[in-house]
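Everything below concerns the one structure shown next.
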Amino acid sequence: MNKNIMVDFDKPLSREGTHAEKYDAKLRKFGTNDVMPLWVADMDLAVSLAIQEALLKRIEHPIYGYTDYYDAYYNAIIYWMKKSHHFLVDREWILPLSSVVTGLSFAVDVFTQEGDGVIVQPPIYSPFYTVVTNQKREVLENELIIVEGAYQIDFEDFEAKAQHAKLFLFCSPHNPTGRVWRKEELTKLAIICKKYGVIIISDEVHADLAYTTKHIPIAIIEEAKEITITLNAPSKTFNIAGIASAYAIVENKKLREQFEAPLKRYALMHPNLLALTATITAYTQSDAWLASVKNYLQANLTYMKERLETMPKIKAMPTEATFLLWLDCTALNLSDDVLEKFFIEKAKLGLNSGVGFGKGGNGFMRFNFAVSHEKLVEAMDRLEAGYHNC
C-alpha cells in the first residue's frame, strides 16, 4: 500500500506553540490573537508519511555532522522536472540554495548594479520589491491588468520597460493572483527579453500546485533557454518550507558561473542534511500524496467560491494555481486600512492585505485556503457573519 495517500487532511492539527510564524506571530502581525491566521503561505495539512518516516529514520542515527550534495539529491530534481514538467535538466545546471528568495536576491546582486532597472509584475509577492529596493536598484512595474475578469500581461508596457531593464523577476505561477501563464505569453515575454538583453529570473515555486492548466517552465521556451535562471523548491508543493531547501536551474554556463560565484564567496554551498532527506523523499516517494492534497485543495476552493456567492461584494479572482485565493473586495468601497480592520475585527480572520503586494493590490486580500475543511467552514462562517454585519 502506498503510504503517501493515508494522510487524513480532515484530522485537526494544532500548530500553536510550534514556533509556526503563521500562528506565533499573530499578535505582532494583527495586533490581536483573536483571529484565525490564514496569511503565511504554508499549509495546515500534514506532509506525506514518506517524508515523515524518512526524516525520523535519519534522525535515529545519532550523528548529524557535515554532509554533501550526493547523487540522489540531483537525481531527484532531474527526475521530478522531467516527470512533472517535461523539463530535461542536466546535473551541472543545478545550483542548491537555501530559499527561492535567496536566489532572487543574489540574482539582483550579480546581474545588476545600483540604479539599474528590474522589472516586476505587481500585484506581486513583496520580496520581489524588497530584493530590488534593498540593493538600490530601480523597480520597473509592469502592472498586470484585469481583462474580462482575469489577469493579463500588458505586453506593450512590458516592452517599454524592458528597454530600461537588466533583469526581469518573473513569478510563474503568479503569487498572489494564481495565474498560470500560457505558452504564447511565455514566448512573448522571452522574445522581448532576448531582444533587449534582459535576464529572466523565474520563480516557479508554485509550479506543482497548478490545477486544470498545465504549468510550463519558461526555460523550455526556445527563446528563453539561454537567458533564464529558474528558481524552485519542494517547499510549497510538499509543505516543507521550514526545512530550507531550494535550487536554481541554469542552462547557460556563463550565467551559471556568474550566479554561483557569490554562493561560493559567502560559503553558502553547505547543505542541511535533513533538507536533503526531505527533498529526495518529496520528489521520489510523495507523488500520490501530492495528487491527494491537490484534490483536497480544489475541493476547498470550490467550497469557498460557493460560499462567496452569498457575499456579492467580495469576489474570488480566477485561481489556476497555488493555495492562495486573491479576493477582490473593491466593491465594499473601504479604504485599505478599514478593509484590513474589517477582516480582523468583524470577521476575525488574519489575511494578507493587498497593499502589501504593491501596485494593483488596493482593495484586495489574500486568503490561504490550505486548511482542513472543518477550519475552512469556520473561516467562511466568520467571513459571512462579518460581511452581513459590516
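Source: prediction; values computed, not measured. Sequential numbering from 1 along the given sequence is applied to the chain's residues.
Hydrophobic clustering, defined by side-chain heavy atoms of Ile, Leu, Val, Met, Phe, Trp and Tyr closer than 4.5 Å, leaves L56 isolated from every other such residue.
Using a 30° and 60° split on the angle between ring planes, F158 and F155 fall in the perpendicular class, above 60°. In this pair, F9 and Y296 present their aromatic rings tilted. The plane angle is within the 30 to 60° band.
Partners of Y129 under the side chain to side chain donor-acceptor pair (under 3.5 Å) rule, at least two apart in sequence or in another chain, are E141. Contacts of E16 classified as salt bridge (Lys or Arg N to Asp or Glu O under 4.0 Å), with partners at least two apart in sequence or in another chain: K26. Partners of S126 under the side chain to side chain donor-acceptor pair (under 3.5 Å) rule, at least two apart in sequence or in another chain, do not exist in this structure. Remark: K188 pairs with no residue by the side chain to side chain donor-acceptor pair (under 3.5 Å) rule, at least two apart or across chains. In this structure, the side chain to side chain contact (heavy atoms under 4.5 Å, CB included) partners of K346, at least two apart in sequence or on a different chain, are F342. Every side chain to side chain contact (heavy atoms under 4.5 Å, CB included) that D90 has, sequence neighbours left out, goes to E92, W93.
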Enumerate, atom names and distances included, each donor-acceptor pair closer than 3.5 Å involving a side-chain atom of residues 315-325, sequence neighbours excluded.
unit_1, atom_1, unit_2, atom_2, d
K315, NZ, P312, O, 3.4
T319, OG1, M317, O, 3.1
E320, OE1, R179, NH1, 3.4
E320, OE1, V180, N, 2.8
E320, OE1, R182, NH1, 3.1
E320, OE2, R182, NH1, 3.2
E320, OE2, R182, NH2, 2.9
T322, OG1, L324, N, 3.1
T322, OG1, L324, O, 3.3

Donor-acceptor contacts under 3.5 Å from residues 383-390 side chains, at least two apart:
unit_1, atom_1, unit_2, atom_2, d
E384, OE1, R307, NH2, 2.8
E384, OE2, T310, OG1, 3.2
Y387, OH, K313, N, 3.1
N389, ND2, A385, O, 2.8

For a quick test of your reading: what N or O donor-acceptor pairs under 3.5 Å do the side chains of residues 347-364 make, sequence neighbours left out?
unit_1, atom_1, unit_2, atom_2, d
K348, NZ, D34, OD2, 3.2
N352, OD1, R366, NE, 3.4
N352, OD1, R366, NH2, 3.1
N362, ND2, D336, OD2, 2.8

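A side chain to side chain donor-acceptor pair (under 3.5 Å) check over residues 221-248, counting only residues at least two apart or in different chains, returns the pairs D208-T237, E222-K225, E226-N252, S245-T279, Y247-Y283. Residues in residues 99-128 take part in these salt bridge (charged side-chain N to carboxylate O under 4.0 Å, His left out) pairs, two or more places apart or across chains: D116-K166.
The environment of NE2 in H373 is crowded: more than 12 heavy-atom neighbours from other residues, nucleotides or ligands sit within 6.0 Å. For R265, the CZ atom is densely surrounded, since the number of other residues' heavy atoms within 6.0 Å is greater than 12.
Checked by atom type and distance alone, the side chain of S286 pairs as donor or acceptor with a backbone atom of T281 at under 3.5 Å. Checking side-chain atoms of W289 against main-chain N and O of A282 turns up no donor-acceptor pair under 3.5 Å.
Aromatic ring centroids of F367 and W39 lie 6.0 Å or more apart.
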